[in-house]
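Attaching a single structure in structure tokens format; questions to follow.
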Amino acid sequence: MRLPDGTDRAVPDLAAAMAELEARDRPRWVLPATEECYPDLLRAGVRLARCHDLALTESILLACAGTPGRPRNLAAAAARLHGLPEPADRPPPSRAEVPGLFELDRGSVPAGDPLAAAAAVYADQQRRLDADPHPERLRLLVAAESAGGLAAAEMTHHGLPWRADVHDALLTELLGPRPPAGGKPARLVELADEISAAFGGVAVNPDAPGSVVRAFKKAGIEVPSSRAWVLREVSHPAVPPLLRYKELARLWVAHGWTWLDSWVRAGRFRPEYVVGGVVSGRWATRGGAALQLPKTLRTAVRADPGWALVTADAAQLEPRVLAALSGDLRLAEVSGSADLYASLAADAFDGDRGHAKVAMLSAMYGGTSGGAGPLLAVLRKRFPHAVDYVEQAARTGEAGGIVRSRLGRTSPPPSEAWRALTGSAEQDDVTERRSRQAARNWGRFTRNFVVQASAADWALTVLAALRRRLTLTAPGAEVVFFQHDEVLVHCPAELAETVASEVDKAAAEASHLVFGPTPVRFPLQANIVDCYADAK
DNA sequence: ACAGACCGCGCC
DNA sequence: AAAGGGCGCGGTCTGT
């Protein structure tokens with residue numbers, strides 16, 4: 001390792017040496033990639049408070065420079081510095097792979113002098129950060145992203161408390177007993193039979209959309225697809241069992257016994273988070289579909305005996321973010337309410353909360369179906385600054401430009417194919433229409449990007465602030481889940497009140513760090529529960 | 001037989 | 001006039 005004074009020190013036991021330095025100095029460690037080295041440290045019992053993750057930072061800076069998607073590992077970053085060919089990012093580690101402690105041959109650390117390469121890349125990243133129009137914001141983003149890297153590894157290490165017995169009982173109640181391998185649960189077989197009977201005995205495979213559409217056609221009903229929301233409008237005896245089948249089949253296939261076998265061990269669900277896995281800065285996961293846990297399964301998430309779960313859920317984060325981004329004071333005023341949509345409805349939509357929500361979502365997503373057009377017009381009239389903000393972002397995208405989040409996370413430029421399609425001068429009607437549509441599509445993406453990515457800025461900053469605070473006032477508390485705008489902490493029951501109060505403080509801290517002295521409120525509702533399903 | 005496209009649905 | 005953001009995953013279907 002290299003010390004702050006620039007001297008290199010060879011150590012026989014890296015984990016032990018890092019633990020010692022951590023306890024003494026709490027340094028900000030410069031790590032090639034937290035994802036690769038921190039899990040080993042955690043297993044060795046070493047926890048780091050702060051770091052600068054070279055790979056995550058490189059990824060952010062490449063996006064800022066308009067060149068996203070290049071290899072971001074230390075070896076590639078060092079090669080770029082010297083104008084050499086860039087080695088590709090290492091493929092994601094497979095679950096089966098159990099690498100030894102600190103293997104350096106994973107392709108992501110440069111040969112030769114890795115410490116010198118890390119120092120050079122770190123210095124170069126500092127220079128690029130300084131060159132940004134808002135270096136202080138981008139530095140905050142990099143710090144939060146790096147803290148996110150640490151938090152993600154810790155979450156996988158601790159795991160989300162998961163009661164396999166509760167999960168199994170729920171599956172059995174809904175689907176019948178676990179079928180033998182290759183078999184279908186009894187309840188699904190029954191429903192499939194009901195569906196075929198409702199079609200007059202015609203064999204129908206409810207898993208095959210084409211089969212369902214054909215069966216309806218034979219019955220004299222034309223449906224464009226077999227989507228649930230389409231079928232809901234159809235009056236036919238096969239519809240109720242079909243909808244129930246879809247619901248249960250989904251549970252069985254995605255989160256059934258097979259999922260339980262492969263993802264839950266010793267009372268913990270350990271998904272692998274991919275920090276910054278979405279261009280907007282949201283996280284993704286590898287395997288386990290951790291960010292798509294169906295609400296019905298929350299009942300299986302229970303605190304250990306003597307422990308509690310503290311859930312923290314941001315209420316209507318994105319409209320609040322838009323209020324802060326745009327400086328729309330009237331929308332900021334509406335954000336004073338815990339239920340922003342109710343307050344918005346009272347202000348501009350004759351108390352109709354549904355209308356208020358549709359209008360706001362349409363502004364942020366770019367949709368206008370389902371009668372949203374007139375509602376959007378009301379919103380525009382009443383909150384012109386907020387609506388202008390997203391419409392400006394949409395126009396930038398339509399013109400092929402890039403947009404940035406509050407902290408500076410940058411949208412990718414459109415593809416060459418997009419430029420060719422939208423840029424051609426001479427066009428027949430078909431090309432013209434496609435060109436317009438491609439432009440609109442990209443405009444919707446950039447419109448949403450500014451809001452979604454700034455919301456991710458805020459949520460990531462909350463996570464980092466909460467993690468830091470908990471080590472100080474509630475050591476022993478473990479952040480065990482993070483999903484876009486929601487955090488779960490598992491802690492000894494006597495610490496729960498402290499954790500809940502730190503949740504509040506972390507939200508206030510993040511709001512100030514990210515948006516400065518904004519009048520917009522960002523409530524982060526903390527709940528102390530035994531079972532995730534009981535969280536409000 | 002296999003890979004990749006498309007479908008449909010879960011979460012935010 | 002019409003225009004719905006971001007993901008992961010497992011199913012079927014299609015092309016080779």
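Below, read A as the first sequence line, B as the second, and so on, with proteins coming before strands; counting in each chain starts at 1. Every heavy atom of this structure was used, including side-chain atoms; hydrogens, water molecules and symmetry mates were not.
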**Request:** Using the C1' atoms only, state how far B/dC12 lies from C/dG4, rounded to an integer number of Å.
**Result:**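 My reading of the C1' atoms in C/dG4 and B/dC12 gives 15 Å.
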**Message:** By a 5.5 angstrom centroid cut-off and a 30 degree plane limit, is there stacking between A/Y365 and C/dG5?
**Reply:**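 Yes, A/Y365 stacks on the base of C/dG5, since the ring centres sit under 5.5 Å apart and the planes are within 30°.
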**A/E247 CD to B/dG8 P, straight-line distance once rounded to whole Å** =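 About 17 Å, once rounded to whole Å.
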**Message:** Any carboxylate oxygen within less than 4.0 angstrom of a Lys/Arg side-chain nitrogen, looking at A/R244 and A/E247?
**Reply:**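 Yes, charged N to carboxylate O under 4.0 Å.
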**Prompt:** Using a cut-off of 4.0 Å between protein heavy atoms and nucleotide atoms, how would you tag nucleotides 6-16 of chain C 5' to 3' with B, S and -?
**Reply:** BSBSS-SS---
**Asked** Does A/R265 reach the main-chain N or O of A/D261 with its side chain, forming a donor-acceptor pair under 3.5 Å?
**Response** yes
**Complete:** Hits for side chain to side chain donor-acceptor pair (under 3.5 Å) against A/R137, two or more places apart or cross-chain, chain-then-number order -> none
**Prompt:** Roughly, in whole Å, what's the span from CG in A/L488 to C1' in B/dC11?
**Reply:** 14 Å
**Prompt:** Rounding to a whole Å, what distance do you find between A/L248:CG and B/dG8:P?
**Reply:**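 Rounded to whole Å, this separation is 19 Å.
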**Item:** Nearest-angstrom distance from the residue atom NZ of A/K295 to C1' of B/dC9
**Value:**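 These atoms are roughly 15 Å apart.
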**Prompt:** Between atom CZ in A/R395 and atom C1' in C/dA3, what is the gap in whole Å?
**Reply:** 16 Å
**Asked** Under 3.5 Å, is there a donor-acceptor pair between the A/E154 and A/Y38 side chains?
**Response** yes
**Request:** Report yes if some heavy atom in the side chain of A/W283 is under 4.5 Å from a heavy atom in the side chain of A/V278; otherwise report no.
**Result:**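 The answer is no; the side chains never approach within 4.5 Å.
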**Request:** Output all residues satisfying side-chain contact (heavy atoms from CB on, under 4.5 Å) with A/V202, sequence neighbours left out; order by chain, then residue number.
**Result:**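 Scan of A/V202 (side-chain contact (heavy atoms from CB on, under 4.5 Å), adjacent residues dropped) gives A/F199, A/K218.
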**Asked** Which residues, if any, of residues 223-236 of chain A bring a heavy atom under 4.0 Å of DNA chain B?
**Response**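 When residues 223-236 of chain A is checked for heavy atoms under 4.0 Å from DNA chain B, the hits, listed by number, are A/S225, A/S226, A/R227, A/A228.
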**Request:** In whole angstrom, give me the gap between the P atoms of B/dC9 and C/dA2.
**Result:** 25 Å
**Item:** Distance, rounded to the nearest Å, where A/F482 contributes CZ and B/dC11 contributes C1'
**Value:**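 The answer, rounded to whole Å, is 14 Å.
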**Message:** Applying ring pair (Phe, Tyr, Trp, His ring centres under 6.0 Å), can you list everything that pairs with A/F515, at least two apart in sequence or on another chain?
**Reply:** A/F522
**Asked** Counting side-chain heavy atoms from C-beta on, which of B/dC11, C/dA2, B/dG8 comes nearest to A/K246?
**Response**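 The closest nucleotide is B/dG8.
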**Asked** What integer distance in Å separates A/D457:CG from B/dC12:P?
**Response**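 These atoms are roughly 20 Å apart.
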Side-chain polar contacts of residues 59-72 of chain A - donor-acceptor pairs under 3.5 angstrom, sequence neighbours left out - could you list them?
residue : atom : partner : partner atom : Å
A/T67   : OG1  : A/L62   : O            : 3.3
A/R70   : NH2  : A/E86   : OE2          : 2.3

**Whole-Å distance separating the CG atom of A/L317 from the C1' atom of B/dC12** =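 Distance check: A/L317 CG to B/dC12 C1' gives 10 Å.
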**Request:** Could you walk me through whether A/R330 and A/D347 pass salt bridge (charged side-chain N to carboxylate O under 4.0 Å, His left out), step by step?
**Result:** CA-CA 10 Å; A/R330 188 168 279 154; A/D347 184 282; 5.2 Å; no
**Request:** Have a look at A/R436 and say if it touches a base, only the backbone sugar-phosphate, or nothing, with a 4.0 Å heavy-atom cut-off.
**Result:** nothing
